[in-house]
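Below is a structure I'd like to ask you about.
As a basis for the values below, the full set of heavy atoms in this structure was taken, side chains included, without hydrogen atoms, waters or symmetry mates.
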Amino acid sequence: MKLLHLSDLHIGKRVNEFSMLEDQRYILKALGDLAANEAVDGVLLAGDLYDKPVPPAEAVTLLDEFFTGLARAGIPVFAISGNHDSSERLNFGSRLMEGAGIHMAAVYRGAEEPLVLEDKHGPLYLYLLPYLKPALLRHVFPEAEVTTYEETVAYAVSRWEINPDRRNVLVAHQFVVGGAVCESEELSIGGLDQIAAQVFEPFDYVALGHLHSPQKIGRETLRYCGSPLKYSFSECRQEKSACLVELGAKGNVSVRAVPLRPLRDLREIRGTYDEVTARSFYSGTNTEDYLHVILTDEEDVPEALGRLRTIYPNIMKLTYDNLRTRSRREIEGAERPESRSPLELFQDFYQLQNNQPMSGEQEDFLRLLIEKIWEGER
């Protein structure tokens, strides 16, 4: 069984006010071609199909084109909603789409039966778990005593009767402890949404979405494929890829990362104004790339951004790195408090005010309160 693992398309996203739709259309075409050329048995799409709960019409059209192309090629799709998606909107027409092989699990309704795929090694059981947080689970299971994301996902997994002797695959959109994050991701305050990898032990392969950096968590088969495009300059040194997963007999799983080449790369260039405008500097490179230009001139260059855009039209960001800016960063860094979670900060404050640490019961109450506040903000 060969599956293509994708996630975090974020269709309709704007990066530094630049629309990424043209780049997304290009990369989705490449992904469709990859799925067809590799003759995959299915595409796993692990959430954040759109960038916003109410996507623009152009984004909806683009996702429709992607799904239609896969359906015409006879490649089934198994998709879930992510934290950026509106589960209700994404769920519209899902029953109709099933007839075309597009299986959409956008709204969590409890322990729904897994989808079953067949190959020469027998059945493979595919479980789809939309993005889940405590309030969503308690809506389905009011009796569930869960307060954390880990308890929530563990409860949801426990509701399935998973046979460990079968081949089991999960598609999920959550933040697993140990995952490396980047600037383009939306994470919870104080790491409240983190889940231990042990929760996913019953599955031979876990196709994760949410984190944009391609990475494994602990084992090769618990994996984020990452976003297909770079959505922040913290990702500029990454090589984006898609994951091809091959499952043989029970216990035999291999993963291959297939590099993705974007229409325009997102990268940083550095040098003095004269250096970055010299023909020898930019000849032979793609001047259409999305750029963060870092000028090292000691004095600001008048109208530098406008002048540089005559050579590099897609400059997203222009900054200076010189003695003046480094001195400013040192001062700001000295004044910046240590980065700590809200729970840790409140624990320190309580200790200072009461000359004793918080009790375990108080910490549990505070953790629940922070969780409720976080859910209200979302």
*Hey, mind stepping through His292 and Thr319 against side-chain hydrogen bond (donor to acceptor under 3.5 Å, both in side chains) and telling me if it holds?*
CA-CA 8 Å; His292 173 199; Thr319 59; 2.7 Å; yes
*asked:* Contact between Asp289 and Ile269 at the side-chain level, heavy atoms closer than 4.5 Å - yes or no?
replied: no
*Sub-4.5 Å side-chain heavy-atom contact between Pro313 and Glu288*: yes
*N-O pairing of Asp204 and Arg167 below 4.0 Å*: no
_Electrostatic pair Asp48:Lys13 at N-O distance under 4.0 angstrom_ = no
*Please walk me through it: do Asn322 and Thr325 pass side-chain hydrogen bond (donor to acceptor under 3.5 Å, both in side chains)?*
CA-CA 5 Å; Asn322 52 34; Thr325 59; 3.3 Å; yes
*Distance in Å, Thr287 OG1 paired with Arg309 CZ, rounded so as to fall on 0.5 Å steps*: 14.0 Å
*Do Tyr26 and Tyr50 sit in the same hydrophobic cluster, where Ile, Leu, Val, Met, Phe, Trp and Tyr count as joined when their side-chain heavy atoms come under 4.5 Å apart?*
no
_Minimum heavy-atom distance between Val176 and Tyr224, given as atom pair plus value_ = N-OH, 2.9 Å
_I'd like to know if Arg267 pairs up with Glu235 as an ion pair, taking the criterion as any Lys NZ or Arg NE/NH1/NH2 lying under 4.0 Å from an Asp or Glu carboxylate oxygen._
no
*Without swapping roles, check the side chain of Arg89 against the backbone of Val54 for a donor-acceptor pair under 3.5 Å.*
no
_Please determine whether side-chain contact (heavy atoms from CB on, under 4.5 Å) holds for the pair Leu170 and Leu208, giving the CA-CA distance in whole Å, both sets of side-chain angles, and the decisive distance to 0.1 Å._
CA-CA 8 Å; Leu170 174 69; Leu208 291 169; over 6 Å; no
*Asp41 side chain to Lys2 main-chain N or O, any donor-acceptor pair under 3.5 Å?*
yes
_Polar side-chain atom of Asn91 near backbone of Ser87 as donor-acceptor pair, under 3.5 Å_ = no
*asked:* Leu45 and side chain to side chain contact (heavy atoms under 4.5 Å, CB included): which single residue from Leu6, Leu31, Ile102, Leu70 fits?
replied: Leu6
*Is the count of non-hydrogen atoms from other residues, nucleotides or ligands lying under 6.0 Å from Tyr282 atom OH greater than 12?*
yes
*Above 12 or not: heavy atoms from other molecules or residues under 6.0 Å from CD of Glu22?*
no
*Count the heavy atoms of every other residue, nucleotide or ligand shown that sit under 6.0 Å from CD of Glu113, and state whether that count exceeds 12.*
no
*Hey, does Phe67 have a side-chain heavy atom less than 4.5 Å from the side chain of Met104?*
yes
_Single-linkage hydrophobic cluster Ile27~Leu34, side-chain heavy atoms < 4.5 angstrom_ = yes
_Between Glu303 and Arg307, does any NZ, NE, NH1 or NH2 come within less than 4.0 Å of an OD or OE carboxylate oxygen?_
no
*asked:* With a sphere of 6.0 Å drawn around NZ of Lys52, does it hold more than 12 non-hydrogen atoms of other residues, nucleotides or ligands?
replied: no
*So, the side chain of Asp297 versus the backbone of Glu299: is there a donor-acceptor pair under 3.5 Å, distance only?*
no
_Leu211 side, atom CG; Ile217 side, atom CD1 - distance, nearest 0.5 Å_ = 7.0 Å
*Are Val206 and Tyr155 co-members of a hydrophobic cluster defined by side-chain heavy atoms under 4.5 Å apart?*
yes
*For Leu137 and Ala156, which heavy atoms make the closest approach, and how far apart are they?*
CD1-CB, 4.0 Å
*Roughly how far apart are Asp321 CG and Leu323 CG, rounded to 0.5 Å?*
9.0 Å
*Does some side-chain heavy atom of Glu268 sit less than 4.5 Å from a side-chain heavy atom of Arg237?*
yes
*Does some side-chain heavy atom of Ser7 sit less than 4.5 Å from a side-chain heavy atom of His173?*
no
*Nearest heavy-atom neighbours spanning Leu266 and Cys236*: O-CB, 3.4 Å
_Whether His212 and His10 hold their rings parallel, tilted or perpendicular, with breakpoints at 30° and 60°_ = perpendicular
*Evaluate the ring planes of Phe203 and Trp160, with Trp represented by its six-membered ring, and classify them as parallel (under 30°), tilted (30 to 60°) or perpendicular (over 60°).*
perpendicular
_So does Asp51 get a backbone contact from the side chain of His84, meaning a donor-acceptor N/O pair under 3.5 Å?_
yes
*Are there more than 12 heavy atoms of other residues, nucleotides or ligands under 6.0 Å from atom NE2 of His121?*
yes
*ILVMFWY cluster membership beyond Val171 - transitive side-chain contacts under 4.5 angstrom*: Met1, Leu3, Leu44, Phe78, Ile80, Leu115, Leu117, Leu124, Leu126, Leu128, Val169, Tyr205, Val245, Leu247, Val253, Val255
*Report the C-alpha distance between Arg261 and Glu239 in whole Å, list the side-chain angles of each, state the deciding distance to 0.1 Å, and finish with yes or no for side-chain contact (heavy atoms from CB on, under 4.5 Å).*
CA-CA 9 Å; Arg261 298 288 175 255; Glu239 182 174 55; 3.3 Å; yes
*Look at the side-chain heavy atoms of Ile, Leu, Val, Met, Phe, Trp and Tyr, link any pair under 4.5 Å apart, and say whether Ile294 and Val276 land in one connected group.*
no
*asked:* So which atom in Ser81 and which in Ala106 form the shortest heavy-atom distance, rounded to 0.1 Å?
replied: OG-O, 2.7 Å
_Please determine whether a side-chain nitrogen of the Lys or Arg among Asp193 and Lys133 lies less than 4.0 Å from a carboxylate oxygen of the Asp or Glu._
no
*Would you find more than 12 non-hydrogen atoms of other residues, nucleotides or ligands less than 6.0 Å from Phe281 atom CZ?*
yes
*Over 12 foreign heavy atoms within 6.0 Å of CZ, Arg219*: yes
*Which distance, rounded to the nearest 0.5 Å, do you find between the CD of Glu38 and the CD of Glu246?*
7.5 Å
*Charged N to carboxylate O below 4.0 Å: is that the case for Lys230 and Asp265?*
yes
*With hydrophobic residues grouped by side-chain heavy-atom distances under 4.5 Å, do Phe66 and Leu263 end up in a single group?*
no
*asked:* Are the side chains of Leu136 and Val140 in contact, using a 4.5 Å heavy-atom criterion?
replied: no
_For the backbone of Asn163 and the side chain of Asn168, can you confirm whether one donor and one acceptor N or O come within less than 3.5 Å of each other?_
yes
*State the CG-CZ distance between Leu129 and Arg159, to the nearest 0.5 angstrom.*
13.5 Å
*Would you say Thr148 and Ile195 make side-chain contact, with heavy atoms under 4.5 Å?*
no
_If I compare all heavy atoms of Asp8 with all of Pro228, which pair ends up nearest, and what's the gap?_
O-CD, 3.4 Å
*Which distance, rounded to the nearest 0.5 Å, do you find between the CG of Leu63 and the CG of Leu9?*
7.0 Å
*Do Asp23 and Tyr290 meet the criterion of a side-chain donor-acceptor pair at a distance under 3.5 Å?*
yes
*Would you say Tyr125 and Ile162 make side-chain contact, with heavy atoms under 4.5 Å?*
no
*Is a side-chain donor-acceptor pair under 3.5 Å present for Lys240 with Ser227?*
yes
*asked:* For Arg166 versus Lys250, what's the shortest heavy-atom pair and its separation?
replied: O-NZ, 2.5 Å
